[in-house]
Amino acid sequence: MPQKDGIEKKRVFYALMWSIPVLFFILVEGGLRVIGFGQDYPLFVPVEAAPEYLVMNRDVALRYFNQEVRVPTGLHDAFRADKDSAVVRIFVQGGSSAAGYPYYYGGSFSRMLEQRLQQGWPTRKVEVVNVAMAAVNSYTILDQVDGILAQSPDAVVIYAGHNEFYGALGVGSSQSLGRNRHVVNLYLRLQSWRILQLIRNGLSQAARTLSRDQDSSSTLMERMVSRQEIELDSDVYQAGMQQFRGNLSNILNRYKQHGIPVFIGTVASNERTHPPFQSGLMASTDPDQWESAYEEALRSGSLPLSVKRMREVVTLDSMAAQSWFALGTLLDRQGDYVQARQAYIMAKDLDQLRFRATEEVNLIIRAEADNSGAILVDTQGSLREHAKENIIGSDLMLEHLHPNLDGYFLLADAFYDAIFEYRIGGERISYIPRGVARSEVLFTQVDSILGELRLQKLLSSWPFQPLDAPPARILDTNGGSSIAEELAHALDDGEMTWFDATNQLRTHYAEQGAYHLALKASLALLQEYPYLPLPYAYAADVLVAQGRLDEAVNYYGAANDLEESAGIHFRLGILYQRKRQLELAGEHLERAAVLDPGVPEFQFQLARNHMLRGDWTHASEAVQELLQSNPTHEPGLALQRLLDNRPETPN
């Protein structure tokens with residue numbers, strides 16, 4: 001018995017010993033929550049102006065960028081909180097290319113995809129919700145999965161793979177938590193704990209205090225890099241590939257468990273016109289000998305001889321990205337495009353500053369798609385197919401990896417074809433031809449110029465310029481030369497919102513009679529703000545000017561469905577009068593006069609409508625009511641005289 005009592009006492013002792021720190025943490029956690037410390041940063045939050053819609057939380061990036069004062073944001077695609085059976089909802093995940101950098105808005109492939117799907121699916125409401133952000137990788141994509149699943153997706157599109165090293169929490173990132181992806185993913189799952197947030201905030205503050213680089217003007221691309229030299233097949237490189245493979249497997253299998261089809265694209269970058277950021281030599285290579293051979297190859301008198309000698313340089317050190325790129329350029333000039341592309345790809349893969357995905361990333365994407373049953377979309381192949389000589393260069397890329405507008409359209413086109421063939425929901429949608437879709441992309445001049453301004457800032461900083469280079473002055477060559485440029489500069493300077501800039505551009509086009517461009521700007525506003533009635537009304541106004549009256553009726557009706565308006569009822573009344581549908585016109589004009597009786601034109605047009613319908617009694621009553629409030633209203637007085645002099649015929 002004494003022995004048994006001793007064992008029991010030990011158990012009680014150990015239980016108490018372990019319960020003390022647990023109780024301590026519970027009390028601290030509870031106390032922090034009581035005083036309101038910390039936040040949960042949900043993936044989606046209600047739209048302030050329309051709570052029945054959700055949008056990606058602007059602060060959600062704080063989950064991943066705990067040392068950043070300025071965190072990235074992506075698109076803010078609004079979608080209904082309550083999904084019904086008529087809605088087809090597709091989520092897009094990835095990094096800056098998936099988000100549409102530097103254009104965003106109508107320049108992103110997700111917006112192009114949504115517009116094309118909606119055109120071919122008029123009986124359903126298509127919502128393509130983009131949750132991509134700059135400088136994030138597979139950790140963020142995996143962390144977003146539960147938030148996306150909660151919103152009943154019909155499909156998911158993924159375009160990612162470039163940011164595995166320098167994206168948030170990546171193995172080469174300034175935000176890294178180490179190479180063990182299980183630890184990192186556990187950290188992300190526990191982020192709602194206030195104790196963890198307290199510790200994280202303290203460490204972040206200490207890191208900022210001790211940091212040598214306090215330059216707030218540096219780009220996110222510059223601030224995210226911790227380790228600049230990551231050699232191909234090195235330990236750090238392999239850790240990055242393991243990180244990507246493991247996270248991607250988890251992502252795809254999580255969606256598979258819930259029966260959600262995933263369309264995952266291979267990633268593409270600039271092969272032809274962007275040299276390696278950083279080239280290195282093997283430890284066994286004599287740098288002077290290599291440099292001499294390299295320079296001699298470039299100085300060779302003939303192109304065939306230069307190719308021959310550059311091949312010898314590559315043999316001298318096969319890990320030097322610089323010589324592979326030079327070989328690709330020489331072969332390109334020689335017209336040997338197949339071998340040139342292979343040399344360019346080697347140069348890209350050997351680039352020690354790993355902003356561009358290696359070909360191994362695409363091998364992993366293909367393998368994991370096959371393992372999970374995801375739908376592989378060869379977006380890299382599509383870009384190559386349309387590139388000059390099938391080598392991706394500046395004809396489709398802006399710099400090292402972000403597509404230009406044509407490149408983004410090709411991404412959208414590849415995903416569109418895959419989704420069309422898959423038949424989401426068991427339905428075959430009407431196919432919208434590529435040429436039609438390309439001509440109707442909702443991309444304005446303001447978006448184009450704003451993208452150029454963003455791109456200039458990126459290219460004027462590291463790694464496109466040396467770290468010790470003085471800040472480049474971005475020349476203002478566009479300011480003031482056109483209304484679009486003025487608006488883009490005001491938007492870039494923070495003097496104007498995107499809504500106001502695009503709306504002013506729409507107004508300018510309408511005043512100039514450029515109705516096609518005015519309609520594009522109106523529809524761009526509508527795509528960004530589907531919960532606001534004004535963009536629908538703007539689009540309808542332009543359609544009326546174009547004589548597309550039936551379409552205008554639909555857009556005015558949609559505006560009224562969102563928020564009933566006397567002005568919209570009035571416009572519908574006038575529109576139905578033009579269509580000679582006088583009874584419908586009367587209903588809308590009467591409603592306009594009821595909602596806003598203080599507008600004389602509403603009462604006048606109602607009286608005129610009664611007269612056109614031969615209803616002299618109600619016409620007289622409407623005119624009298626108008627003139628009681630506005631006795632000098634000339635059109636009303638003229639209509640009264642006309643009614644007074646009408647022939648004496650039965651009503």
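Below, each value reflects all heavy atoms present in this structure, side chains not excepted, and no hydrogens, waters or symmetry copies.
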Report task. Apply side-chain hydrogen bond (donor to acceptor under 3.5 Å, both in side chains) to Y237 and E360, showing your working. Result -> CA-CA 11 Å; Y237 174 84; E360 186 176 354; 2.8 Å; yes

Query raised in the report: How many angstroms lie between CG in D351 and CG in D349, if you round to the nearest 0.5 Å?
Result: 9.5 Å

Query raised in the report: Which heavy-atom pair separates S382 from L410 by the least distance, and what is that distance?
Result: OG-O, 3.9 Å

Report task. Only counting residues at least two apart or in another chain, list the ones meeting ring-ring contact (aromatic ring centres under 6.0 Å, His included) with F409. Result -> none

Query raised in the report: Between the side chains of N253 and S249, does any donor sit under 3.5 Å from an acceptor?
Result: yes

Query raised in the report: Per the side-chain contact (heavy atoms from CB on, under 4.5 Å) rule, which among E359, H400, H274 passes with K348?
Result: E359

Query raised in the report: Does atom CD of E231 have more than 12 heavy-atom neighbours, drawn from other residues, nucleotides or ligands, at distances under 6.0 Å?
Result: no

Query - Pair R63, Y41: side-chain N/O donor-acceptor within cut-off below 3.5 Å - result: no

Requested in this report: For the pair Y166 (side chain) and R354 (backbone), establish whether a donor and an acceptor sit closer than 3.5 Å, ignoring hydrogens and angles.
Outcome: yes

**Report entry** Distance, nearest 0.5 Å, that separates OG of S269 from CE of M397
**Finding:** 6.5 Å

Query raised in the report: Between D77 (side chain) and N130 (backbone), is there a donor-acceptor pair under 3.5 Å?
Result: yes

**Report entry** Chi angles and distances behind the side-chain hydrogen bond (donor to acceptor under 3.5 Å, both in side chains) call for T266, N362
**Finding:** CA-CA 5 Å; T266 52; N362 281 334; 4.7 Å; no

Query - Audit row: L562, L532, side-chain contact (heavy atoms from CB on, under 4.5 Å) steps and yes/no - result: CA-CA 7 Å; L562 287 169; L532 295 181; 5.9 Å; no

Query raised in the report: Does a donor on one side chain sit under 3.5 Å from an acceptor on the other, for Q527 and Q115?
Result: no

Report task. Hey, could you give me the CG/OG distance between L353 and S279, rounded to the nearest 0.5 Å? Result -> 12.0 Å

Query raised in the report: Hey, is R111 close enough to E528 for a salt bridge, meaning N to O under 4.0 Å?
Result: yes

Report task. For R124 and S85, indicate whether the former's side chain and the latter's backbone hold a donor-acceptor pair under 3.5 Å. Result -> yes

Query - Criterion ring pair (Phe, Tyr, Trp, His ring centres under 6.0 Å) on F277 and F464, from CA distance to verdict - result: CA-CA 8 Å; F277 284 113; F464 302 95; 5.4 Å; yes

Report task. Not counting sequence neighbours, list each pair that qualifies as a ring-ring contact (aromatic ring centres under 6.0 Å, His included) and has a residue in residues 241-271. Result -> F263-Y422

Report task. Indicate yes or no: does D395 engage R272 in a salt bridge with an N to O separation below 4.0 Å. Result -> no

Requested in this report: Show your working on ring pair (Phe, Tyr, Trp, His ring centres under 6.0 Å) between Y64 and Y139 and close with a plain yes or no.
Outcome: CA-CA 9 Å; Y64 322 109; Y139 282 124; 9.5 Å; no

Query - Short N-O contact, D146 and R189, less than 4.0 angstrom - result: no

Query raised in the report: Is the shortest distance from a Lys or Arg side-chain nitrogen in R384 or E271 to a carboxylate oxygen in the other one below 4.0 Å?
Result: yes

Query raised in the report: For N404 and Y103, does a side-chain donor sit closer than 3.5 Å to a side-chain acceptor?
Result: no

**Report entry** Enclosure of D84 CG (heavy-atom neighbours >12, cutoff 6.0 Å)
**Finding:** yes

Query raised in the report: Is Q278 reaching over with its side chain to a backbone N or O of Q352, donor-acceptor style, under 3.5 angstrom?
Result: no

Report task. Determine, stepwise, if the pair N390 / R341 fulfils side-chain hydrogen bond (donor to acceptor under 3.5 Å, both in side chains). Result -> CA-CA 8 Å; N390 304 126; R341 187 176 71 190; 5.5 Å; no

Query raised in the report: Is there side-chain contact between I90 and V157, with heavy atoms separated by less than 4.5 Å?
Result: yes

Report summary line: From the list V60, T73, L75, N163, side-chain contact (heavy atoms from CB on, under 4.5 Å) partner of M133 resolves to V60

Query raised in the report: When the ring planes of F325 and Y344 are compared, do they come out parallel, tilted or perpendicular, using 30° and 60° as the limits?
Result: tilted

Query raised in the report: Are a donor atom and an acceptor atom from the side chains of N270 and T273 found within less than 3.5 Å of each other?
Result: yes

Query - Partner set under salt bridge (Lys or Arg N to Asp or Glu O under 4.0 Å) for R58, not counting sequence neighbours - result: none

Query raised in the report: Any ion pair linking R434 and D413 (charged N to carboxylate O, less than 4.0 Å)?
Result: yes

Query raised in the report: In Å, rounded to the nearest 0.5 Å, how long is the span from CD1 of I148 to CD of Q93?
Result: 3.5 Å

Query raised in the report: N250 and R181: side-chain donor and acceptor closer than 3.5 Å?
Result: yes

Report task. Give a yes or no on whether E48 atom CD has more than 12 heavy-atom contacts from other residues, nucleotides or ligands under 6.0 Å away. Result -> no

**Report entry** Nearest-0.5 Å distance that lies between atom CD in Q380 and atom CD1 in I392
**Finding:** 5.5 Å

Query raised in the report: Under 6.0 Å from the six-membered ring centre of Y431 and within 45° of its axis: does the NZ or CZ of R116 meet both?
Result: yes

